[in-house]
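A short write-up of the structure that comes next.
For reference, positions follow the sequence shown, starting with 1.
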Amino acid sequence: MPEASLDIPRTWAEFTDPDEPGQRFRVDLTWLTSSWSCVYGAGCQGIYADRPDDGCCTLGAHFTDDDDVARVRAVVAQLGEDEWQHHPGRGRRGDKDPARLSAWTEKEDGARKTKVVDGACIFLNRPGFPAGDGCALHQHAVLTGIPPHTAKPDVCWQLPIRRSYRTVERPDDTSYLEVTITEYDRRGWGPGGHDLDWYCSSNSEAHVGREPVYRSNHAELVELMGQAAYDELVLRCEAHLAMVRHARSAGARTLIPLLVHPATVEADTVGGRREKVKRRRGTTALPGAGAAGAVDGTSAGANEAAHPNPPARS
């Protein structure tokens with residue numbers, strides 16, 4: 001069973017946002033306590049079989065808003081040609097700014113996204129590039145000591161965590177904003193997500209992390225939720241894992257599939273694994289999840305429409 005069903009049973013928890021009483025978080029404990037980890041360079045097969053070295057960077061990244069563009073643009077201005085394979089250069093006279101939007105972004109159905117060059121995102125360094133293959137933005141962040149999620153498009157560092165919103169109406173005519181934190185599964189990509197040749201979030205081959213997602217993705221979750229809400233999340237994740245440990249020690253095998261992500265069960269990495277998965281030399285993890293040190297911070301915005309629907313494959 002390399003990839004779990006999209007309709008697995010999940011355990012959810014809800015709590016009021018400590019920083020915003022009119023907002024409640026709905027968190028997927030099954031996903032957040034799973035052992036998923038980015039395996040780019042260590043078993044990732046790419047979303048398309050004919051582009052196995054691209055990871056999930058084949059289509060380019062759609063930006064969520066102007067702030068997203070501005071943040072990435074500031075990093076682009078710092079990238080040198082020695083660390084970015086598809087660096088646009090400075091023009092014939094050397095007087096053009098490489099960070100100009102036309103050099104690394106394009107429009108698709110009116111939405112701005114990173115350019116696709118030679119079949120993949122313009123920031124993806126290909127195998128054989130001296131600085132190593134992988135995301136140039138991510139590599140630059142690691143080299144300069146900044147959190148990768150502060151250097152990459154929102155959709156890149158959030159994947160495969162999905163944050164969505166809905167307004168919940170109560171019977172007494174009051175309402176609250178519900179913020180859901182869950183797995184960015186195939187459905188998150190739109191109808192074309194079902195046609196991806198390989199996908200990691202529910203694949204046992206990627207459930208090999210040393211820590212559960214809520215720990216390995218600490219920085220990303222704090223950015224998505226705020227520190228106070230993240231602290232509440234940790235309490236619930238720890239309680240959930242304690243219940244899993246009790247169920248396992250009691251031999252309650254029938255309960256495990258209801259409490260643990262099936263891909264984590266298949267990989268036998270409940271609670272994380274001790275051994276670090278070796279990554280191919282010269283590569284860096286692409287999504288940013290679990291690949292960098294934890295840094296606190298908060299921001300607003302959602303990744304609801306960040307991914308395009310994958311084009312039809314002929």
> Any donor-acceptor pair under 3.5 Å linking the side chain of Y40 with the backbone of C44?
Replying inline: no
>> Check whether S35 reaches the backbone of T269 with its side chain - one donor and one acceptor, N or O, closer than 3.5 Å.
In response: yes
> Would R24 and T16 count as having a side-chain donor-acceptor pair, cut-off 3.5 Å?
Replying inline: yes
>> Under the criterion side chain to side chain contact (heavy atoms under 4.5 Å, CB included), I'd like the reasoning laid out for L6 against H194: C-alpha separation, chi angles, the key distance, then a yes or no.
In response: CA-CA 10 Å; L6 290 171; H194 298 284; 3.6 Å; yes
For residues 116-125, which side-chain N or O atoms pair as donor and acceptor with protein atoms under 3.5 Å away, sequence neighbours left out?
unit_1, atom_1, unit_2, atom_2, d
N125, OD1, Q85, N, 2.8
N125, ND2, E83, O, 3.1
N125, ND2, Q139, OE1, 3.1

State which residues pass side chain to side chain donor-acceptor pair (under 3.5 Å) with [X]; sequence neighbours excluded, sorted by chain then number.
X    : answer
T30  : none
D28  : R10, T182
R186 : E3
H87  : none

Counterpart residues, salt bridge (charged side-chain N to carboxylate O under 4.0 Å, His left out), relative to [X] (two or more places apart):
X    : value
R170 : none
E205 : none
D7   : R187
E20  : none

>> For a salt bridge (Lys or Arg N to Asp or Glu O under 4.0 Å) check, start with the C-alpha distance between E106 and K115, then their side-chain angles and the critical distance, and finish with the verdict.
In response: CA-CA 5 Å; E106 59 189 6; K115 277 186 177 181; over 6 Å; no
> With P18, which residues qualify under side-chain contact (heavy atoms from CB on, under 4.5 Å), at least two apart?
Replying inline: A228, A229, E232
> In the hydrophobic clustering that connects Ile, Leu, Val, Met, Phe, Trp and Tyr at side-chain heavy-atom distances below 4.5 Å, which members other than Y176 occupy its cluster, ordered by chain and number?
Replying inline: V168
>> Given Q158, which partner from the list T64, N217, L224, L221 fulfils the side-chain contact (heavy atoms from CB on, under 4.5 Å) test?
In response: L224
> What residues form a ring pair (Phe, Tyr, Trp, His ring centres under 6.0 Å) with F25, not counting sequence neighbours?
Replying inline: F15
> In terms of the angle between their ring planes, are H207 and H261 parallel, tilted or perpendicular, with boundaries placed at 30° and 60°?
Replying inline: tilted
> When rounded to the nearest 0.5 angstrom, what distance separates OG1 in T180 from CD in E14?
Replying inline: 8.0 Å
> Taking atom CE of M225 and atom CD1 of I181, what is their separation to the nearest 0.5 Å?
Replying inline: 5.5 Å
> Where do W157 and T150 land on the side chain to side chain contact (heavy atoms under 4.5 Å, CB included) test, with the steps shown first?
Replying inline: CA-CA 8 Å; W157 64 260; T150 66; over 6 Å; no
